[in-house]
Number of protein chains: 2
Amino acid sequence: MIRFRQIEAFRCLMSCGTTVAAARRMHITQPAISRLIADLEDDLGFRLFNRAKGRLEPTTAAIRFQRAVEENFLGLERLRQAAETIRAEENEGLAIACMPVLSTSLLPQILNEFFKLRPDVPVRIDTVGNAEVTVKLQDLKVDVAISLAFPAIAGIEVEPLLEADVLCALPAGHPLAERDFITPQDLANETVIGWMPNYPLSQNQEQKYFGHAGVYPRYNIRTHTSHTRYAMVANGFGVSIVEPFASDFWETQGVVTRPFLTPAKHEYVIAYPSSGSRSAILQDFRLATLRVVNDPALVPWGRALTQE
Amino acid sequence: MIRFRQIEAFRCLMSCGTTVAAARRMHITQPAISRLIADLEDDLGFRLFNRAKGRLEPTTAAIRFQRAVEENFLGLERLRQAAETIRAEENEGLAIACMPVLSTSLLPQILNEFFKLRPDVPVRIDTVGNAEVTVKLQDLKVDVAISLAFPAIAGIEVEPLLEADVLCALPAGHPLAERDFITPQDLANETVIGWMPNYPLSQNQEQKYFGHAGVYPRYNIRTHTSHTRYAMVANGFGVSIVEPFASDFWETQGVVTRPFLTPAKHEYVIAYPSSGSRSAILQDFRLATLRVVNDPALVPWGRALTQE
DNA sequence: GATGTTCTATGTGATTTTGTTATAGGCTGA
DNA sequence: TCAGCCTATAACAAAATCACATAGAACATC
């Protein structure tokens, strides 16, 4: 029966050339190599090396066999390294991926609820952009994510959470701030803080908000993070379309928000890696999230899409 | 130190689900699996399975680790199979790849010479088309090949052997058989046995023989094997352009050959896999080949391109 | 609630693998 | 001829691997 140790010795011998060198590299003695190779030849049923002039010379069979080996093995060393990263990243408790806006607004409320159920569970929060959220989930680097909805992706399970109002953010004192609501036409001559074009996993936002109305405002700054967009408005660079999560906070910084009339939706979801069964901790986190989302006192500007 | 056996057990356990099933598949007992996994967890430094309700449930770390494993290993079983084919194909002696025409003409002469040097070496002849010759060499399935010249290919070493006359093959009794030589223009109104279009490693033969003269004969049958072309001519399906190796043989079958005036060449080579040093047997085969090629009595219709 | 089934974990001892040291012999170049 | 390479084998030690025996936990069924 062919054994792994023989393959290791063979690989090493083929690349080193001599048993002595191979032994040195594998940190064992030369006779060990010698016998492993002899055993391998017995098991394979053909010669791997011609013993010529006291040296080992690979046969053509050895070269062909080596190809098969290299196609099938990359060695334990790589696995050791992979284990290293996994161990380094592993932690007790719950790892949550979350978009920047939510991590300063919705997430604290959820955690508040969560800690009532699990006071002692340590939590890690990975604040990343919308596109990276799915990567974190697929790579199993987080246990759960709260995020803007994204297209279906293999390996990720999604549960709708809530639909949030679409708001127009204006600098305090802006003429439009007098209105009760804003329409796309109102912004036809305004400078708008825009979105990154061709951003993965999200459609063209500008198209989404203004395309249907035939309005094409002027864009000066483009960004995909909601907080940045609020900040640009606060500094008077223009107006923008935002979600409502951070509106309270930015109101104190001189940003006024008004409902924006558009068929576009802001839908948010809770997502899990579909592998691995859900732990009890994770169930509790989900519970906490649903409670927050369904509590009108906590989330007055959204409609929950799911019940406890 | 992480060991291969642990990885095998881990792979099996992940796909089987229980230690009992994994043990059955690996033809060992359940405690052996149990211990291998426990050891692996120790070595890795993190848990791979949660012991819940008397069952093993993979952790997310296990799933991540499994990905690393599957990327790096495909198992010893595949190697065993690869060894199987290598052993089956392996033989003592010399393996030669050769095109069909040569295997009935030039090769017997070479072997005649070769056996004077090595009477006891068993020889295998792999008669394959021009395109397959290079594959056989690259896969180390043969030690040497005699073939029509082909473009340079990595892993193959080529040595020019000889340049053969280009002949026109005619059915006996054909009007053109009266001539001493044939020109492309002579064939303008003839039906010609043609070549496979777009055949790998060889240019368009029809273009090569007739293109420069602006002659476009009619083609009815197309084939890449010289013998087949001779046979079609012998049966009166048309005329063709051939190499001279088999002309003597087909003369007895009613095929007349005449020199064909064209700048095109028929160049033949001897080729070896560039890996692996050349054995003494192979050196003798090369010697025999050169002797044949350089002997005007044996090869009257070609010019040798190399000396002993 | 007793019972049988199915699963995992551990202790013990036999077997196999893997490794070391010691030793011998071949080739090569100074 | 001799030192410096190399490979191969024998004898023994250490470690890995395995089977067997056994025990405990979960769960379904009667």
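Values reported hereafter were calculated over all heavy atoms of this structure, with side chains retained and with hydrogens, waters and symmetry mates removed. A note on names: the letters A, B, ... follow the listed sequences, proteins ahead of strands, and every chain is numbered from 1.
The heavy-atom pair separating B/Leu111 from B/Ile96 by the smallest distance is CD2-CD1, 4.0 Å. Heavy atoms only, all atoms of each residue included: B/Arg47 and B/Ala61 are closest at O-CB, 4.0 Å.
Whole-Å rounding puts the A/Phe49 CZ to D/dA8 P distance at 10 Å. Atom NE2 of B/His27 is separated from atom P of C/dT15 by 22 Å (rounded to the nearest Å). Taking atom CG on A/Leu40 and atom P on C/dT17, their separation rounds to 13 Å, with Å as the unit. We find that CE of B/Met26 is positioned 10 Å from P of D/dT17, with the value rounded to whole Å. Rounded to whole Å, atom P of C/dT18 lies 11 Å from atom CD1 of A/Ile7. Rounded to whole angstrom, the span from the CZ atom of B/Arg47 across to the P atom of C/dT8 amounts to 15 Å. At whole-Å resolution of the value, CZ in A/Arg35 and C1' in C/dT16 are 11 Å apart. Atom CD of B/Gln6 and atom P of D/dA16 are 9 Å apart (whole Å).
For A/Pro31, taking side-chain heavy atoms from C-beta onward, the closest of the listed nucleotides D/dC18, D/dA8, C/dG19 is D/dA8. For B/Ser34, the listed nucleotide lying nearest its side chain is C/dA9; candidates were C/dC7, C/dA9, C/dT20.
Dashed line: the shortest gap from a side-chain N or O of A/Arg5 to OP1 or OP2 of C/dT17 is not under 4.0 Å. At the phosphate of C/dG19, neither OP1 nor OP2 sits under 4.0 Å from any side-chain N or O atom of A/Thr29. A sub-4.0 Å separation between OP1 or OP2 of D/dA16 and a side-chain N or O of B/Arg3 is present.
Among A/Glu159, A/Glu113, A/Glu157, the single residue meeting the salt bridge (charged side-chain N to carboxylate O under 4.0 Å, His left out) criterion with A/Arg286 is A/Glu159.
Ring geometry for A/Phe65 against A/Phe46 counts as perpendicular: the plane angle is over 60°, on a 0 to 90° scale with 30° as the lower cut.
Of the inter-residue distances, the one linking A/Glu41 atom CD with A/Phe10 atom CZ reads 9.5 Å to the nearest 0.5 angstrom.
Heavy-atom distances to DNA chain C give each of A/Leu36 and B/Thr19 a nearest nucleotide, and the one nearer the 5′ end belongs to B/Thr19.
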